[in-house]
*Asks:* 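The structure's right below; bear with me while I get my questions together.
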Amino acid sequence: MSRYNVRESEAKWQSVWAERNSFAVQADPSKPKTYVLEMFPYPSGRIHMGHVRNYTIGDVIARYKRAKGFNVLHPMGWDAFGLPAENAALERGVHPGKWTYENIATMRGQLQSMGLAIDWSRELATCRPDYYRFEQKMFLDFLKAGLAYRKESWVNWDPVDNTVLANEQVIDGRGWRTGALVEKRKLSQWFLKITHFADELLGALTSLDRWPEKVRIMQENWIGKSQGLRFFFSLSGGHADLEVFTTRPDTLFGASFVAISPNHPLAATLAEGNADLAAFIAECNRSSTSEADIEKAEKKGFATGITAAHPFVPGWDLPVYVANFVLMEYGTGAIFGCPAHDQRDLDFARKYGLPVKPVVVPEGQDPAGFSVGDEAYTGPGLLRNSDFLDGMAVEAAKTAAIARIESLGRGTGTTMFRLRDWGVSRQRYWGCPIPIIHCPACGAVPVPEAQLPVTLPEDVTFDAPGNPLARHPTWKHTTCPHCGGAAVRETDTFDTFIESSWYFLRFADPRNEQVAFDKELVKYWLPVDNYIGGIEHAVLHLLYSRFWTRALSHVGYLDLPEPFGGLFTQGMVTHATFQDADGKWVFPTDVDLQGGKATLKAGGTPVTVGPVIKMSKSKKNVVDPQSIIETYGADAARLFMMSDSPPDRDLEWTEAGIDGAWRYISRLWRLVTEPGFTLPAAGTPAPASFGAEATAIRRAAHKAAAGVGDDIEQYRFNSAVAKLRIFSNALGESLARLAAKAAEGAAPAADDAWAAREALEYLCQTVQPVMPHLAQQMWVELGHSDLLVDRSWPVADSALLVEDTATVAVQVNGKLRATLALPRDAAEDVAKAAALADPAVQKAMDGKPPRKVIVVPNRIVNVVV
RNA sequence: GCCCCAGUGGCGAAAUGGUAGACGCGGCAGACUCAAAAUCUGUUGCCCGCAAGGGCGUGCUGGUUCGAGUCCGGCCUGGGGCACCA
């Protein structure tokens with residue numbers, strides 16, 4: 001019995017594909033194109049199972065589409081700027097650039113060992129000046145077009161390290177390295193006007209019909225368009241009028257306080273003469289900038305002593321608070337509180353003993369008996385205790401309240417977005433330099449185009465806290481392009497989301513040295529037809545990319561409304577967790593699982609098996625793809641990734657699963673190499689007719705060709721693999737029957753043998769997208785010398801796809817009582833008669849006459865008695 | 001706190017509103033073997049029953065329908081995102 005030599009086969013075909021440039025593509029307007037893209041990896045060091053899953057999904061689609069005759073663009077690159085490179089520099093003294101490029105080299109080799117059908121000639125890395133130079137140009141073009149501007153905003157500040165912290169680096173309000181309480185600080189930073197496109201980005205979501213519904217909903221909520229009212233309160237104590245925004249103007253008569261953000265200008269003014277208030281604001285600023293942290297924090301307020309006059313009721317004064325849950329970034333940074341109908345306001349009111357007056361009462365409830373306890377009422381209802389709004393429904397009351405405010409000249413009904421402008425400044429080294437020069441005389445001046453790119457200096461040190469660019473001895477010193485005087489460079493770098501907002505465009509024309517990309521090439525290849533990645537990018541990366549594409553269209557780079565026509569979000573790869581007797585996490589490779597018992601391989605002490613969760617280094621529940629590929633081969637890893645779990649759900653990695661994948665590979669190999677009788681030569685003409693066995697073999701093969709393809713198109717890979725197994729199981733049984741006859745001296749009939757070869761060839765072709773190396777090696781075993789990747793997808797003969805009989809279920813009152821074998825598409829009355837004649841059905845009917853009979857052709861007959 | 005998603009045998013799962021559990025893992029029984037591994041065959045949702053057969057069953061709960069895993073309402077549990085991780 002010959003054994004499939006995985007290592008030899010996989011290495012051989014990978015080098016053949018590379019030598020022949022099998023996957024290099026050129027734009028060709030005469031051919032239909034498709035663009036398959038997986039979210040490019042951050043070069044963290046080694047590939048992980050999430051990458052294997054991501055790139056296998058894309059590769060299966062790319063290979064299938066290619067077989068279907070498409071010109072397939074399937075590129076790969078590196079999202080190479082980012083925080084981990086600087087952490088490596090801090091922890092190990094490695095230069096971020098060296099660390100990054102070494103990681104890229106390792107990971108490229110690992111990805112290539114997966115046998116991906118990628119055009120490597122298009123590879124890019126975002127940390128290279130020949131990539132980021134164009135992004136500097138784009139930024140300057142945005143600046144010219146008024147889409148970029150500078151303003152003050154808040155950052156997390158570590159007072160010990162004197163460093164800006166990412167939200168990720170703030171743990172329980174403290175800096176991750178120093179443990180110091182984090183403060184908020186204001187810095188002058190660059191922003192991009194994503195809000196300029198808020199309405200467009202929202203409206204176009206409906207055109208993205210090949211996106212998951214949940215991602216569209218998340219983006220819709222993120223953009224957060226709401227209709228509401230902006231209006232002014234007159235304040236006591238001679239302060240200027242205070243503008244607030246509300247989405248619930250209908251509840252104005254339920255107001256019991258007014259609250260402003262700790263970062264509101266009025267709060268700062270009031271704090272000048274009030275040390276207690278200043279201390280309260282300082283306390284509020286001793287928390288991270290993360291919205292989740294702010295929302296989860298206990299609601300706290302500070303009574304300022306001033307009051308706001310209710311706009312409708314003369315003499316009704318509301319106390320004004322500074323409150324920690326009011327965000328300066330949303331609306332006007334000031335609100336009025338209606339505790340009965342907003343949970344946060346209610347929590348606040350209960351804490352400070354403010355009135356809770358319901359003004360919306362559910363229809364049909366007695367207003368007198370309606371009160372609010374610990375839960376605010378946010379549902380529909382009719383207005384009460386609300387003067388001119390009494391009796392109106394919520395929507396009508398909103399309109400009436402807005403109209404009244406407008407007629408009083410105290411405000412206007414407006415549309416508000418939750419979406420905020422995109423802050424792109426980062427106080428870090430390993431990013432794209434922002435091409436700006438600060439001149440004491442001329443202000444912020446763009447770097448002239450001829451001087452681009454502004455490159456990062458190599459000689460930086462990480463021995464002191466803060467941004468190495470800012471303390472570099474020479475780099476920032478330059479002259480002003482306007483006046484020629486001494487000036488300094490901007491030392492902030494761009495948010496790394498910028499690089500990932502246009503790399504999919506660069507792939508269309510990755511070696512262009514003049515411009516970011518050629519318009520015509522982008523027109524041919526874009527949009528991305530299948531974009532595949534993790535659900536964690538559902539909002540930020542995808543929304544920024546949509547914005548960037550629109551902004552580029554706005555300044556004339558291209559004419560493309562949406563970058564990603566089709567999107568697929570995959571689930572995570574999970575694994576069981578293990579802990580030793582001391583509670584320390586243990587790698588799966590160090591655990592011996594036998595007879596339901598888990599023990600440590602070294603020493604045999606018992607190990608506790610914990611929950612199955614996302615693979616993560618900190619919990620050590622990781623399996624290294626490279627060792628799996630070395631042991632079982634890339635095809636087994638790819639098959640496992642595609643089997644069992646649907647791709648949008650989490651996938652649990654198990655030893656048993658990869659073993660099963662390997663067994664299936666062995667089974668296919670035996671099927672092809674040991675059919676048990678001699679196959680006709682490749683290319684033998686088809687016989688004139690086929691007998692029963694031959695037809696059965698052909699049915700299985702042609703059904704697989706049709707079904708597997710359909711499933712791949714719809715991302716139903718687990719179902720595609722099931723269909724491959726059904727096909728190979730049926731084929732195996734047929735071959736075994738023919739082989740048994742051959743062993744008795746009866747060589748298979750010409751039609752049977754021909755059908756067997758056809759089916760084995762179909763098997764190679766249908767298995768190829770998932771297991772390309774095995775498929776190609778089997779193809780060679782069948783006597784072919786060409787490359788399977790150059791063959792088109794096998795044709796499914798529609799005559800072989802339909803059965804002559806249908807199994808029809810018969811229900812009595814919805815309960816299954818019998819099944820009938822009826823001719824396909826039998827007439828309704830024939831099906832009805834057959835059903836009523838069935839003894840089991842008659843027994844269930846118990847002599848009662850049928851009241852109604854529902855017939856669904858080829859499926860079901862339901863008798864109602 | 002707010003937004004989004006998922007939940008089906010021992011396990012991963014399948015099922016245009018129409019036979020719930022395809023396909024696979026694991027288990028059990030058998031064949032081959034001195035034995036083991038590998039491989040092959042059969043069987044496998046739960047309960048009652050010798051069997052024929054019957055009953056129950058898709059997180060919980062209520063509804064729509066001739067018919068609900070699928071549609072609608074309310075809950076429970078688990079996961080993702082929340083703007084400086086990528």
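Both backbone and side-chain heavy atoms feed into the values below; hydrogens, waters and symmetry mates do not. Sequence lines set the chain letters: A, B, ... in the order given, protein chains first and strands last, and positions in each chain run from 1. Because the structure is predicted, anything quoted here is derived from the model rather than measured.
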*Asks:* Counting distance only, does the side-chain N/O of A:N858 pair as donor-acceptor with the main-chain N or O of A:R824 below 3.5 Å?
*Replies:*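 No, because the side chain of A:N858 does not come within donor-acceptor range (under 3.5 Å) of the backbone of A:R824.
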*Asks:* Using Watson-Crick or G-U wobble pairs with both distances under 3.5 Å, give me RNA chain B in dot-bracket, 5' to 3', with [ ] for crossers and | for pairs to another strand.
*Replies:* (((((((..(((.....[....)))((((((.......))))))((((....))))..(((((..]....))))))))))))....
*Asks:* Let me know the distance between CZ of A:R216 and P of B:C5, rounded to the nearest Å.
*Replies:*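 Going from CZ in A:R216 over to P in B:C5 covers 12 Å.
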*Asks:* Nearest-Å distance, CD (A:E329) to P (B:C2)?
*Replies:*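 Spelled out: CD on A:E329 to P on B:C2 is 20 Å.
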*Asks:* Using the ring of each side chain (for Trp, its six-membered ring), is A:Y4 parallel, tilted or perpendicular to A:W669, with breaks at 30° and 60°?
*Replies:*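 It falls in the tilted class, 30° to 60°.
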*Asks:* Taking the six-membered ring of A:F494, is the NZ or CZ of A:R426 close enough (under 6.0 Å from the centre) and on axis enough (within 45°)?
*Replies:*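 Negative - A:R426 is either too far from the ring of A:F494 or too far off its axis.
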*Asks:* What distance, rounded to whole Å, do you find between the two C1' atoms, one in B:A15 and one in B:U58?
*Replies:*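 Comparing C1' positions in B:A15 and B:U58 gives a spacing of 11 Å.
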*Asks:* Using the six-membered ring of A:F417, assess whether NZ or CZ of A:K225 lies under 6.0 Å from its centre and within 45 degrees of the ring axis.
*Replies:*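 Cation-pi check for A:K225 and A:F417: fails.
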*Asks:* Stepwise, does the side-chain hydrogen bond (donor to acceptor under 3.5 Å, both in side chains) test hold for A:D347 with A:Q343?
*Replies:* CA-CA 6 Å; A:D347 295 344; A:Q343 193 58 46; 3.2 Å; yes
*Asks:* Using the purine O4'-C1'-N9-C4 or pyrimidine O4'-C1'-N1-C2 torsion, is B:G24 syn (within 90° of 0) or anti?
*Replies:*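 You should classify B:G24 as anti.
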*Asks:* Tabulated below should be each protein N or O lying under 3.5 Å from an N or O of nucleotides 18-23 of chain B; please produce it.
*Replies:*
| unit_1 | atom_1 | unit_2 | atom_2 | d |
| --- | --- | --- | --- | --- |
| B:G18 | N2 | A:N862 | ND2 | 3.4 |

*Asks:* Between B:G10 and B:A22, how far apart are the P atoms? Round to whole Å, please.
*Replies:*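 14 Å, rounded to whole Å.
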*Asks:* Give A:R649 one of three labels, base, sugar-phosphate or nothing, depending on what nucleic acid heavy atoms sit under 4.0 Å from its own.
*Replies:*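 A:R649: backbone/sugar contact only, no base atoms under 4.0 Å.
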*Asks:* Quantified in whole Å, what is the P atom distance between nucleotide B:G74 and nucleotide B:A83?
*Replies:*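 Straight-line distance between the two P atoms is 29 Å.
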*Asks:* Below 4.0 angstrom from OP1 or OP2 of B:G12, is there any side-chain N or O of A:S645?
*Replies:*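 Result: no.
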*Asks:* Can you check each nucleotide of nucleotides 79-86 of chain B against protein heavy atoms at under 4.0 Å and return B for base, S for sugar-phosphate only, - for none, in 5' to 3' order?
*Replies:* SSSBBBBB
*Asks:* For A:P212, report the nucleic acid contact type (base, sugar-phosphate, nothing); a contact means any heavy atom under 4.0 Å.
*Replies:*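 If one applies the 4.0 Å heavy-atom cut-off, A:P212 turns out to touch nothing in the nucleic acid.
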*Asks:* Round to a whole Å and report the spacing from CZ of A:F717 to P of B:A14.
*Replies:*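 It works out to 13 Å between those atoms.
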*Asks:* To the nearest angstrom, how far is A:N221 atom CG from B:C5 atom C1'?
*Replies:*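 Nearest whole value for this atom pair: 13 Å.
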*Asks:* Nearest-Å distance, OH (A:Y664) to P (B:U39)?
*Replies:*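 My rounded result for the distance is 15 Å.
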*Asks:* Please find out if less than 6.0 Å separates the ring center of A:F325 from that of A:F348.
*Replies:*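 Yes, they do, as the ring centres are separated by less than 6.0 Å.
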*Asks:* Round to the nearest Å and state the distance from A:N813 atom CG to B:U65 atom C1'.
*Replies:*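 After rounding, the gap between these two atoms is 14 Å.
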*Asks:* Taking the ring centre of each residue, are A:W78 and A:Y42 less than 6.0 Å apart?
*Replies:*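 No; A:Y42 has its ring centre 6.0 Å or more from that of A:W78.
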*Asks:* Tell me if the centroids of the rings in A:W430 and A:F81 come within less than 6.0 Å of each other.
*Replies:*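 Judged by ring-centre distance (under 6.0 Å), A:W430 and A:F81 do meet the cut-off.
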*Asks:* With C1' as the reference atom in both, quote the distance from B:G18 to B:G24 in angstrom, rounded to an integer.
*Replies:*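 B:G18 and B:G24 have their C1' atoms separated by 26 Å.
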*Asks:* Provide, to the nearest angstrom, the distance between the CD atom belonging to A:E674 and the P atom belonging to B:C40.
*Replies:*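 One finds 12 Å between P of B:C40 and CD of A:E674, rounded.
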*Asks:* Given the C1' atoms of B:A14 and B:C23, what is the spacing between them in whole Å?
*Replies:*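 B:A14 and B:C23 have their C1' atoms separated by 8 Å.
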*Asks:* Taking atom P in both B:C71 and B:U19, compute the distance separating them and give it to the nearest angstrom.
*Replies:*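 These two P atoms come out 16 Å apart once rounded.
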*Asks:* OP1 or OP2 of B:G26 versus the side-chain N and O atoms of A:R663: is any pair under 4.0 Å?
*Replies:*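 Yes, A:R663 has a side-chain N/O under 4.0 Å of OP1/OP2 on B:G26.
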*Asks:* Kindly state whether the ring of A:F504 and the ring of A:F40 have centres lying under 6.0 angstrom apart.
*Replies:*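 No, ring centres 6.0 Å or more apart.
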*Asks:* Is the shortest side-chain N/O distance from A:K843 to OP1 or OP2 of B:A52 below 4.0 Å?
*Replies:*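 False: A:K843 side-chain N/O out of range (4.0 Å or more) of B:A52 OP1/OP2.
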*Asks:* If you measure from the C1' atom in B:A52 to the same atom in B:A68, how many Å do you get, rounded?
*Replies:*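 Pairwise C1' distance, B:A52 against B:A68, rounds to 31 Å.
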*Asks:* Between A:D711 and A:K723, does any NZ, NE, NH1 or NH2 come within less than 4.0 Å of an OD or OE carboxylate oxygen?
*Replies:*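 Yes, A:K723 and A:D711 are salt-bridged.
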*Asks:* Which value, in whole Å, describes the distance between the P atoms of nucleotides B:C72 and B:G79?
*Replies:*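 Nearest-Å result for B:C72 against B:G79 at atom P: 25 Å.
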*Asks:* To the nearest Å, give me how far apart CG (A:N858) and C1' (B:U16) are.
*Replies:*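 Atom CG in A:N858 sits about 14 Å away from atom C1' in B:U16.
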*Asks:* Quick check on A:K832: does its NZ atom have over 12 non-hydrogen neighbours (other residues, nucleotides or ligands) under 6.0 Å away?
*Replies:*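 No, not enclosed.
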*Asks:* Is a salt bridge present between A:K193 and A:D421, judged by a nitrogen-to-oxygen distance below 4.0 Å?
*Replies:*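 Not counted as a salt bridge, because no side-chain N and carboxylate O are separated by less than 4.0 Å.
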*Asks:* Under the 6.0 Å and 45° cation-pi test, does A:R418 pair with A:W222?
*Replies:*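 Yes, A:R418 lies over the aromatic ring of A:W222.
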